[in-house]
Amino acid sequence: MLDQIMNSTNFNYLPRAMTAASMRQEVVAHNIANINTPNYVKKNLEFEEMLAQEIYGETKPKGKLELVQTNDKHLPFRRLNTYATPAFVEDRSAIMRVDHNNVDIDIEMATLAKNQIYYNALATQLGGYVSKMRNAITSGQS
């Protein structure tokens, strides 16, 4: 039973997404710190698209969730052979300064705000799931 709880999708995807959001916060802060560094190329962190590919496979169904087997007696489905991990990529687009630095403070600050909201939503989801599990475990005790 504990194995089913700990191997649920909530304990699989949410912590990894939170880790990626935390790493993205660091990348954006690094970009901002190097805003006046000549020839600095801003970096981004990619994770969500890879996670979607892990969940849905090569082709993501439009508006539909794929079958998830939660019990051995359920219909079988194909096992996914990918594991999404955050990846750092350099963004060489939109060089708009003479010193060839492509960091735009407005974009970076908006990314920070968006990422903070995303992280808070993930933390709320994970906290809610843990709270439900704790209530289910301790509901019969006095």
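Just so it is clear, the model here is predicted, and its values are computed rather than measured.
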Task: Pair R24 + E48: basic N to acidic O under 4.0 Å - done: yes
Task: Contacts of R92 that satisfy salt bridge (charged side-chain N to carboxylate O under 4.0 Å, His left out) - sequence neighbours left out - done: E90
Task: Hydrophobic cluster membership, V103 vs V89, 4.5 Å side-chain cutoff - done: no
Task: Heavy-atom closest pair, residues M23 and P86 - done: SD-CG, 3.9 Å
Open item on the list: Given 3.5 Å as the limit, does a donor-acceptor pair link the side chain of S131 with the main chain of G127, or not?
Closed with: no
TODO: With rounding to the nearest 0.5 Å, note down the distance linking OG1 in T85 to CD in E46.
DONE: 11.0 Å
- [ ] Look only at the side chain of D99 and the backbone of N39, and say whether a donor-acceptor pair between them is shorter than 3.5 Å.
- [x] no
Open item on the list: Donor-acceptor pair, distance only, cut-off 3.5 Å: does the side chain of N101 make one with the backbone of V41?
Closed with: no
TODO: Hey, can you tell me if Y40 and H30 have their rings parallel, tilted or perpendicular (30° and 60° cut-offs)?
DONE: tilted
Task: Partners meeting side-chain contact (heavy atoms from CB on, under 4.5 Å) with I32 (sequence neighbours left out) - done: V28, I105, E108, M109, L112
Open item on the list: Nearest 0.5 angstrom please: L14 CG to T124 OG1, how far?
Closed with: 10.5 Å
Open item on the list: Could you tell me if the side chain of K42 sits less than 4.5 Å from the side chain of I107, heavy atoms only?
Closed with: yes
Open item on the list: Would you say R16 and Y83 are linked by a side-chain donor-acceptor pair, where the criterion is simply a distance under 3.5 Å?
Closed with: yes
TODO: Any chance you could measure S22, atom OG, to L45, atom CG, to the nearest 0.5 Å?
DONE: 10.0 Å
Open item on the list: The criterion is salt bridge (charged side-chain N to carboxylate O under 4.0 Å, His left out); which residues satisfy it with D104, sequence neighbours excluded?
Closed with: none
TODO: Give the minimum heavy-atom separation between S139 and A136, together with the two atoms involved.
DONE: OG-O, 3.4 Å
Open item on the list: Tell me whether D91 contacts the main-chain N or O of K43 through its side chain, where contact means a donor paired with an acceptor under 3.5 Å.
Closed with: no
TODO: Just do the side-chain contact (heavy atoms from CB on, under 4.5 Å) check on T19 and F47 with the steps written out, would you?
DONE: CA-CA 10 Å; T19 300; F47 176 72; over 6 Å; no
Open item on the list: Test side-chain contact (heavy atoms from CB on, under 4.5 Å) on Y119 and Q25; report intermediate values, then the result.
Closed with: CA-CA 10 Å; Y119 183 88; Q25 212 65 359; over 6 Å; no
- [ ] Answer whether the closest heavy-atom distance between the side chains of L126 and M18 falls below 4.5 Å.
- [x] yes
Task: Derivation of the side-chain contact (heavy atoms from CB on, under 4.5 Å) call for Y129 and M133 - done: CA-CA 6 Å; Y129 179 74; M133 289 298 110; 3.9 Å; yes
Task: Distance-minimising heavy-atom pair for S93 and N102 - done: O-ND2, 3.2 Å
